[in-house]
Amino acid sequence: MLVLSRGKKQMILIKKCSCNEEGKNMSDAKAILNSLNSKFKSQTVKFEMWHDAFPAAFISNKFCKGIVSPYGAHIASFVPNGQKDVLWMSSKSNFIEGKAIRGGIPVCWPWFGPAGDPPHGIGRIAYWELDSVVSEKDGSDTLTFKLKKDMASAIFKVNFGASLDVELTTENTSSNDLVLSQALHTYFAVSEITKATVGGLAGKEYLRATDKTRHVNSGDITFSAETDMIFDSSDAVCIITDSGWNRKIKVEKSGSNTTVVWNPWIEKSKKMADYGDEEYHGMVCVEAANAHKDARTLAPGKTHKIGTRVSLV
Ligand code: TA6
């Protein structure tokens, strides 16, 4: 169910866009796009179908191009002018309602990993309400999405500018404590994983998820096998150094004491239907999270904000 609104008076409930069927559903899709464009289109933001499955905002401004869909509040692309896409997307990803999208920035909410069912929560497979599109004075564009579930409500805000700024604020709307775990599960594109390193986590303790053992990281992270590291780190500013494309991606975060670094390598890649067997060569995840012992307990009415900022340096 896709909900559009600009303020409370213009709530429009529109059937979900199951555009993989013929005829009527495509006309539904066109109706959705017409509504989105009539309410939110600007010089730099327009709405089109994405992979013939979901409506999405296509941003093109003086800083970058980008894509974000109300489905999952899913950021799919961030291309600073003159650069390759900073975000990675699997060529095998599903684009089907109810399934996660393999790439971009999945919103793992309101739980991380196996802390609930489905794994990594419902945020990434739900339609979020598009609340506003703002063309900022500096020429960047900010889109805000909202999601309300029985125990919590979430506001997801993304700014497409010189950097990609993402904020996810959760409010406990229930009358009981809410245990919140989450991640902005960012997939970064690299030239070749063996030519990429992740710096900024030296001396930090981490859980190695592959065997549940704890270690202290000595220096820059390099990749030669399945890597699934859950760091206890509140202040990490990570730098992904890619010698193949001669670029550095800076990953900042806020409201998070967990940083996750993940590459599935070959055997796990083969087990994922929505991930090409050899695609592990071209990506690495560096995620701002509240996971495991960093899960947050929110009393009724309380909020927590997590954020990540991605930029090329
Ligand atoms: O964030 C790393 C991780 O938790 C890995 O353990 C792996 O499961 C990855 O997320 C992908 O999870 P997904 O549910 O998207 O296949």
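Heavy-atom basis, side chains included; hydrogens, waters and symmetry copies ignored. Each ligand, and each atom within it, is numbered from 1 in the order the structure gives.
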May I ask which of Met272, Lys271, Arg102 has a heavy atom nearer to atom 11 (C) of ligand 1 than the others do? Arg102
Considering only the protein, which heavy-atom contact is closest to atom 4 (O) of ligand 1, and what is its distance? His120 NE2, 3.3 Å
Quick one: pull up CG in Asp242 and NZ in Lys248 and give me the separation to the nearest 0.5 Å. 10.0 Å
NZ or CZ of Lys84 within 45° of Trp245 ring axis and under 6.0 Å: yes
Numbered atoms of ligand 1 (with element) below 4.0 Å of His185, judged on heavy atoms: 1 (O), 2 (C), 3 (C), 9 (C), 10 (O), 11 (C)
Short list, please: which atoms of ligand 1 are under 4.0 Å from a heavy atom of Phe112? 1 (O), 4 (O)
Between Thr210 and Asp228, is any side-chain donor less than 3.5 angstrom from a side-chain acceptor? no
Of all protein heavy atoms, the one nearest atom 6 (O) of ligand 1 is Asp228 OD2, 2.6 Å
Will you find, in the side chains of Glu136 and Thr142, an N or O donor that is under 3.5 Å from an N or O acceptor? yes
When Lys204 is tested against each of Asp235, Asp232, Asn217 for side chain to side chain donor-acceptor pair (under 3.5 Å), which residue passes? Asp235
Less than 4.5 Å apart, side chain to side chain, heavy atoms only: is that true for Phe160 and Leu143? yes
For Ser269 and Asp277, test the side chains for any donor-to-acceptor distance below 3.5 angstrom and give the result as yes or no. no
Which residue and non-hydrogen atom of the protein lie closest to atom 15 (O) of ligand 1, and at what distance in Å? Arg124 NH1, 2.8 Å
Min N/O separation Trp262 to ligand 1 under 3.5 Å: no
In terms of its nearest heavy atom to atom 2 (C) of ligand 1, the top option of Glu226, Lys268, Glu287, Met229 is Glu287
Which of the atoms of ligand 1 are close to Val260, meaning less than 4.0 Å from one of its heavy atoms? 1 (O), 2 (C)
